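So the structure is just underneath, and the comments pick up after that.
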Number of protein chains: 2
Amino acid sequence: MSESLRIVPQPMRRQVEEGLRAAIVNGRFAPGEHLPDRVLCDLFGASRSVVREAVRLLEAEGLVTVQPNRGPFVAHLSVQEAAQVYDVRGVLEALAGESFARHATDDERAELRAVWEDLARRGPTADREQLLSIKRRFYDVLLAGARNAYVARMLDQLLNRNMQLRATSLSDPGRLPWTIKELKRVVDAIDRRDPDETFVACREHVQRAADVALRLLATPPGRRDAEVRP
Amino acid sequence: MSESLRIVPQPMRRQVEEGLRAAIVNGRFAPGEHLPDRVLCDLFGASRSVVREAVRLLEAEGLVTVQPNRGPFVAHLSVQEAAQVYDVRGVLEALAGESFARHATDDERAELRAVWEDLARRGPTADREQLLSIKRRFYDVLLAGARNAYVARMLDQLLNRNMQLRATSLSDPGRLPWTIKELKRVVDAIDRRDPDETFVACREHVQRAADVALRLLATPPGRRDAEVRP
DNA sequence: ATTGTCAGATTGACTGACGATCGATTATAG
DNA sequence: CTATAATCGATCGTCAGTCAATCTGACAAT
């Protein structure tokens, strides 16, 4: 996998695009909020053309919706829509896992297991940031070994949408042990070169995560127990 | 399902966007072809801003790739990428089918079967255009009943990519009988309210279609038999 | 044959401008 | 006092023109 060494200066448009995406995903802009291009212009110090082009991209990704003659709004993610997103994510991750089980090299399998062991060992004492980083690594290794750029692209988009959710409301406090167990099943299935089992293990993992997240979303954000039973 | 009757004049940008998409999907622009701003401007009679925004959308959809400082090119779909697209399509359609089996109303189930019967009866004598129309209808009914706007969106994008394939090279001449049989399995599973069976039936259907299409793609477009065994 | 240079073309980005449209506010009529 | 109508400001959609940076291809020089 040789990378091109070419340096290519990030165009202004990319910066706006990524900045705006980050702002939305991290919840700095509330869902439903209006984003007139004027304010985006002086927020990023860019001209209207660049801002509008960037907005188009995010529109296609589903992070903003553009109402005719009213401009861009931060996309609103209802509970039903969130459930749909999780459904799609489930099958896509399942496909990625299945594909990994089929095509990954031995090194990649070993690395995936290493990341999982990292999660199991350091996870319980890690803070949110580190935890997210480890999980992110797990996905990166998985997608790299899956040999399917398409599913990677789509999952990226979906994860952005999900992170929007996560930022606005919920975290998964008590779920870590279950996450570890569920992912172990994935890793084991992969080591056994069992694509079918990997598929259902991945899908079930996402399903569990969805159940918890959606339950949290459904309960109005007032009294919210620490206990979360999967 | 009441639609808003409000007429909203399609903005220029949409027209460019759809026109360009259609042109690419129908193969009027060859894969890899360069699309300078200038050309698109006088082709659609629009200004550069409009054209560039439209191009951004298609970029996010994956129909065009933009090389820095070189501009937009019609996306090229290699055989491996095509296989990946089919893989993704497989799980998404499977999810749609499964979801339909779970959530569709009786009317929707009946309609789906009606469309299938239409295909089985009129299919063998229909021309390409009619055939595509019936299949399209099948998908529309399926997606409507699946109650998942997300999967519908993504499948739309994927179908565009696939149609690009189809336009450039292949049709599926002898496959119709198998298509009918495979879809019957889907419809039957749905009538039995068996989501799992529907899932695998859908996925297998796409897999079969992929096998044929990819085999055609792999053989250099010279001597190409009429016979296609699935 | 490789390297260097230059002109033309194209992109990336910015600016200023114009009418059209929407939302809200105000004014008017009943 | 309510309800409709007129008004107005903000924003969008679109265009045209400018400028610098970069790429392409051709031509010249080593």
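The structure displayed is predicted, hence computed values, not measured ones. Here is how names work: the chains are called A, B, and so on, in the same order as the sequence lines, proteins then strands, and each is numbered from 1.
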Q.
Can you measure B:Gln15 atom CD to D:dG13 atom P for me and round it to whole angstrom units?
A. 14 Å

Q. Given atom NE2 of A:His34 and atom C1' of D:dT11, what is their separation to the nearest angstrom?
A. 7 Å

Q: Find the distance B:Met12:CE to C:dG19:P and express it as a whole number of Å.
A: 17 Å

N/O donor to acceptor pairs below 3.5 angstrom from side-chain atoms of residues 50-60 of chain A, sequence neighbours left out:
residue: A:Arg52; atom: NE; partner: B:Glu53; partner atom: OE2; Å: 2.8
residue: A:Glu53; atom: OE1; partner: B:Arg56; partner atom: NE; Å: 2.8
residue: A:Glu53; atom: OE1; partner: B:Arg56; partner atom: NH2; Å: 3.0
residue: A:Glu53; atom: OE2; partner: B:Arg52; partner atom: NE; Å: 3.0
residue: A:Arg56; atom: NE; partner: B:Glu53; partner atom: OE1; Å: 2.9
residue: A:Arg56; atom: NH1; partner: A:Glu59; partner atom: OE1; Å: 3.2
residue: A:Arg56; atom: NH2; partner: B:Glu53; partner atom: OE1; Å: 3.0

**Q.** For atom CG of B:Asp37 and atom C1' of C:dG12, their distance in whole Å
**A.** 10 Å

Q. Does B:Glu98 have any salt bridge (charged side-chain N to carboxylate O under 4.0 Å, His left out) partners at least two apart in sequence or in another chain, and if so, which?
A. A:Arg203, B:Arg102

Q | Most 5' of A:Arg14 and A:Gln67 on DNA chain C, judged by nearest nucleotide | A | A:Arg14

(Q) Please report the distance, rounded to the nearest Å, between CD in B:Gln10 and P in D:dT14. (A) 11 Å

Q) In residues 39-66 of chain B, which ones come under 4.0 Å of DNA chain C, going by heavy atoms? A) B:Arg48, B:Arg52

Q) In whole Å, what is the span from the CG atom of A:Asn69 to the C1' atom of D:dC12? A) 6 Å

Q) What is the distance from CD of A:Glu17 to C1' of C:dA13, rounded to the nearest Å? A) 16 Å

Q.
When the axes are fitted on five pairs at both termini, how much does the helix from C:dA1-D:dT30 to C:dG30-D:dC1 curve, in 10° steps?
A. 10°

Q. Sequence neighbours excluded, which residues qualify as side-chain contact (heavy atoms from CB on, under 4.5 Å) partners of B:Asp127?
A. B:Glu129, B:Gln130

**Q.** Distance, rounded to the nearest Å, where B:Arg70 contributes CZ and C:dT11 contributes P
**A.** 10 Å

Q: Applying side-chain contact (heavy atoms from CB on, under 4.5 Å), name anything that partners B:Ala83, two or more places apart in sequence or on another chain.
A: B:Leu214

Q: List the atom of A:Thr198, the atom of A:Ala101, and the distance in Å for their closest heavy-atom pair.
A: OG1-CB, 3.7 Å

Q | With A:His34 via ring-ring contact (aromatic ring centres under 6.0 Å, His included) - residues at least two apart | A | A:Phe73

**Q.** For A:Asp106, all residues meeting side-chain contact (heavy atoms from CB on, under 4.5 Å), sequence neighbours excluded
**A.** A:Arg109, A:Arg193

Q: Please check if the side chain of A:Gln84 supplies one atom and the backbone of B:Arg147 the other of a donor-acceptor pair under 3.5 Å.
A: yes

Q) D:dT14 phosphate, OP1 or OP2: any side-chain N/O from B:Arg13 under 4.0 angstrom? A) yes

**Q.** Partner residues of B:Gln80 under the side-chain contact (heavy atoms from CB on, under 4.5 Å) criterion, sequence neighbours left out
**A.** B:Ser78

